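Read through the structure below, which is laid out as structure tokens, and then see the notes.
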Amino acid sequence: MNAPTWHARAWCCLQARRQHETLPHAILLAGPSGLGKRHFLQRFVHGLLCEKPNAGDGCGHCRHCLLLKAGSHPDYITLNCSLRKDGTQRSEIVVEEIRALSARLTTSSQFGGWQIASIDPADTMNVAAANALLKTLEEPARQTMLVLIADVPWRLPATIRSRCQRIDFKLPPREQALAWLEAEGVTDAAQALHAAGNNPGRARDWVRSGALAWRNEVRRDLKALAAGGAAPLEVTQRWLDIEPEQRLWFAAQAVADEVSARVCGNALPLSSTMDSEALWHWYDHANRAREALRGPLRSDLLLFELLSAWC
């Protein structure tokens with residue numbers, strides 16, 4: 001991935017602070033997925049630990065860079081959602097993991113420089129884990145840095161956010177995003193960018209994975225449901241099979257296009273019989289359902305209720 005042009009300002013600010021030896025002990029990289037927060041983190045860590053950095057970037061050849069590339073640098077710790085004892089992936093970061101991380105950060109750096117820990121996604125910490133992290137944030141060890149990554153930063157407690165130097169990643173201007181997509185070799189960049197809500201990283205990933213084909217499929221399904229030519233249960237089962245969150249994104253986008261078409265007096269792409277107020281209500285319902293899919297509620301019931309309401 002090429003360094004996105006919309007990273008330039010944040011990158012320059014961090015490098016200026018590094019030159020003046022005023023780097024913060026905690027950084028929060030916040031913003032929607034697809035804008036390169038994790039690429040920014042890796043680039044920053046490589047440059048900070050490199051023996052011979054160039055304009056903040058790692059050289060790629062020294063011992064530190066090679067260890068980072070191999071994922072075995074002793075002074076860089078990564079914390080993600082771990083596995084349970086039965087082998088299934090946790091959906092949250094728990095207090096035991098934070099306590100273990102905090103204990104690790106009290107030890108000295110093995111190479112005598114910075115010791116860096118990243119928590120990703122930090123917005124999945126449960127309440128106990130977030131409270132346990134506060135002590136580390138309030139009493140940081142010398143040359144120790146915590147980097148938190150959050151796609152949904154408002155889920156983090158205010159006490160956590162206020163103790164971090166926050167760097168917000170926002171959607172770049174359309175022209176800038178299109179130029180980056182074209183440099184990444186993305187075909188039909190304009191269509192992909194529109195489908196991804198002007199999020200260039202998401203657009204690129206969807207093109208490469210073939211996910212944009214689901215966008216048209218979702219619209220066909222909604223049109224068929226509105227006309228009585230499809231059953232909610234059958235569509236629910238199909239949507240559950242592959243990326244239901246993404247399909248709900250496309251469904252909400254299709255409904256927004258339906259409302260826009262009515263305002264402009266154009267042909268209705270979904271041919272829905274709902275009035276505009278009902279369509280906006282369904283749009284909100286679809287977005288809430290997309291969020292709820294990450295929780296403990298049954299996904300099949302959520303989708304079935306939503307699609308039945310569409311009918």
Side-chain angles (χ1 to χ4, degrees), residues 6-49 56 68 73-82 90-171 291 294:
W6 57 88
H7 286 185
R9 182 176 180 181
W11 182 258
C12 290
C13 288
L14 271 183
Q15 297 311 314
R17 295 196 65 171
R18 180 181 182 181
Q19 289 178 3
H20 291 90
E21 299 184 352
T22 58
L23 281 173
H25 284 282
I27 297 174
L28 171 60
L29 306 181
S33 62
L35 297 182
K37 298 188 300 298
R38 290 159 184 88
H39 176 267
F40 186 95
L41 167 66
Q42 293 303 316
R43 183 185 176 198
F44 177 64
V45 169
H46 276 249
L48 195 57
L49 295 180
L68 285 167
H73 198 294
D75 292 332
Y76 180 45
I77 312 140
T78 58
L79 178 57
N80 313 102
C81 294
S82 62
R90 293 184 188 273
S91 60
E92 61 181 10
I93 293 174
V94 296
V95 63
E96 291 81 8
E97 295 170 304
I98 295 296
R99 286 173 178 164
L101 175 66
S102 298
R104 170 79 179 274
L105 291 176
T106 60
T107 62
S108 300
S109 162
Q110 293 202 27
F111 285 105
W114 281 95
Q115 190 168 204
I116 309 168
S118 64
I119 303 177
D120 178 23
D123 45 9
T124 63
M125 286 188 293
N126 61 26
V127 175
N131 289 335
L133 184 65
L134 274 177
K135 185 175 182 181
T136 302
L137 289 173
E138 291 169 348
E139 302 174 7
R142 181 179 174 276
Q143 277 203 297
T144 295
M145 183 182 294
L146 273 169
V147 184
L148 282 60
I149 294 185
D151 295 340
V152 192
W154 55 262
R155 289 179 178 162
L156 286 168
T159 49
I160 296 287
R161 288 176 307 197
S162 64
R163 287 165 172 79
C164 299
Q165 175 70 49
R166 179 164 170 162
I167 298 176
D168 283 301
F169 290 74
K170 299 178 181 179
L171 296 178
E291 289 289 325
R294 302 170 187 170

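Since the structure is predicted, the reported quantities are computational estimates derived from the model, not experimental observations.
P24 and M145 get closest at one heavy-atom pair: O-CE, 3.4 Å. Annotation for Q115 and I77: closest pair OE1-CD1, 4.1 Å, computed over non-hydrogen atoms. Nearest heavy atom pair, residue C81 against residue R90, reads CB-O, 3.4 Å. Closest of all the heavy-atom pairs between G47 and R18 is O-NH1, 2.9 Å. Residues I93 and P121 share a closest heavy-atom pair of CD1-O, 3.6 Å. Taking every heavy atom of both residues into account, L156 and A122 meet most closely at CD2-O, 3.3 Å.
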Go through the steps for R38 and D151 under the test salt bridge (charged side-chain N to carboxylate O under 4.0 Å, His left out), then give the verdict.
CA-CA 11 Å; R38 290 159 184 88; D151 295 340; 3.5 Å; yes

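Using a 4.5 Å heavy-atom threshold, the side chains of D168 and L28 count as separate. Looking only at side-chain heavy atoms (C-beta outward), I27 and L146 stay at 4.5 Å or farther from each other. Looking at L134 and I160, their side chains come closer than 4.5 Å, going by heavy atoms from C-beta outward. Residues H25 and Q143 form no side-chain contact, since every pair of their non-hydrogen atoms from C-beta on lies 4.5 Å or further apart. Using a 4.5 Å cut-off on side-chain heavy atoms (C-beta onward), P32 and K170 make no contact.
In this structure a side-chain-to-backbone donor-acceptor pair under 3.5 Å is present from S162 to A158. A donor-acceptor pair under 3.5 Å is absent between the side-chain atoms of Q19 and the main chain of A16, judged by distance alone.
Rounding to the nearest 0.5 Å places CD of Q42 at 13.5 Å from NZ of K37. The line from CD of Q15 to CG of L48 is 8.5 Å long, rounded to the nearest 0.5 Å.
In this structure, F40 has its ring center under 6.0 Å from that of W11.
Counting only residues at least two apart or in different chains, ring-ring contact (aromatic ring centres under 6.0 Å, His included) contacts with residues 109-147 comprise H64-F111, H73-F111.
In this view, R104 satisfies the side-chain hydrogen bond (donor to acceptor under 3.5 Å, both in side chains) rule with no residue, not counting sequence neighbours. Remark: D123 pairs with no residue by the salt bridge (charged side-chain N to carboxylate O under 4.0 Å, His left out) rule, at least two apart or across chains. Taking the side-chain hydrogen bond (donor to acceptor under 3.5 Å, both in side chains) definition, one finds that E138 meets it with R163, sequence neighbours left out. In this structure T124 satisfies the side-chain hydrogen bond (donor to acceptor under 3.5 Å, both in side chains) test with no other residue, sequence neighbours excluded. The salt bridge (charged side-chain N to carboxylate O under 4.0 Å, His left out) check on R161 picks up nothing, with sequence neighbours excluded.
The only option from D120, I116, I167 that meets the side-chain contact (heavy atoms from CB on, under 4.5 Å) definition with V147 turns out to be I116.
Side-chain contact check for T136 and S102: at least one donor-acceptor pair (N or O, by modelled atom type) lies under 3.5 Å.
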